[in-house]
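Residues: numbered from 1 along the sequence shown.
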Amino acid sequence: MRLALLFLLCATPALAWEFRPDPICTISDDAAEVSVRVTYDPVARDYAIHLTRPGGWPAAAVFALRFVGPNGLTISTDRHQIEGDTLSVYDRGFGNVLNGLQFNHTAIALIGDVAQEIDLLGAADPVAAFRNCPASPSV
């Protein structure tokens, strides 16, 4: 019985923040509620955040991210895009986003009447690695 339980636990995918340097610098978390992917593309010289949520996102003029924790802040934009279930924002600077992800415990994606919580537990080290990615400029 214990052996069967061990196999079940090992077969379950680990849901955690991770960093990958190739093919572009990426940090991601594939939680069931919302999948987060932050990238830096050195060719296009831009950052992006992609939030994928089952059921998608409502159309709204403004999208905001509220970071809750010791370095809490709220940032917003009207330059977001929604395609299918994914909301994306592209920009040349992402210092506030990276600070929010690295130094807080929760992010809340706010758009229309949706307030989607994102757990940042375990994000700090992958964000630090992202900041040091060879293809990523210092932010």
Can you list the residues that meet the salt bridge (charged side-chain N to carboxylate O under 4.0 Å, His left out) rule with D85, with sequence neighbours excluded? none
Scan side-chain atoms only and decide if T52 and T86 contain a donor-acceptor pair under the 3.5 Å cut-off. yes
Relative to the ring of Y47, is the ring of F130 parallel (under 30°), tilted (30 to 60°) or perpendicular (over 60°)? tilted
So with a 6.0 Å cut-off around CZ of R37, is the heavy-atom count from everything else above 12? no
Mind running side-chain contact (heavy atoms from CB on, under 4.5 Å) on E18 and D30 for me, showing each step along the way? CA-CA 9 Å; E18 64 179 37; D30 292 323; 5.9 Å; no
Specify whether H50 and Y90 have parallel, tilted or perpendicular ring planes, treating 30° as the upper limit for parallel and 60° as the lower limit for perpendicular. perpendicular
F19: partners by ring pair (Phe, Tyr, Trp, His ring centres under 6.0 Å), with sequence neighbours left out: none
Candidate pair L101 and F94, rule side-chain contact (heavy atoms from CB on, under 4.5 Å), full reasoning: CA-CA 11 Å; L101 294 172; F94 247 45; over 6 Å; no
Between Q116 and E33, does a side-chain contact (heavy atoms from CB on, under 4.5 Å) hold up when you go through it step by step? CA-CA 8 Å; Q116 178 65 58; E33 305 83 27; 3.5 Å; yes
R79 and D91 ion-paired at < 4.0 Å: yes
Report yes if some heavy atom in the side chain of V36 is under 4.5 Å from a heavy atom in the side chain of I118; otherwise report no. yes
Expected output: side-chain D41 to main-chain V43 donor-acceptor under 3.5 Å: yes
Test item: side-chain donor near acceptor, R66 and N104, under 3.5 Å: no
Interatomic distance, CH2@W57 vs CD1@I82, rounded to 0.5 Å, equals 8.5 Å
side-chain contact (heavy atoms from CB on, under 4.5 Å) with A115: which residues, sequence neighbours excluded? I108, L110
Stepwise side-chain contact (heavy atoms from CB on, under 4.5 Å) check, W17 with L120: CA-CA 8 Å; W17 287 89; L120 301 179; 3.7 Å; yes
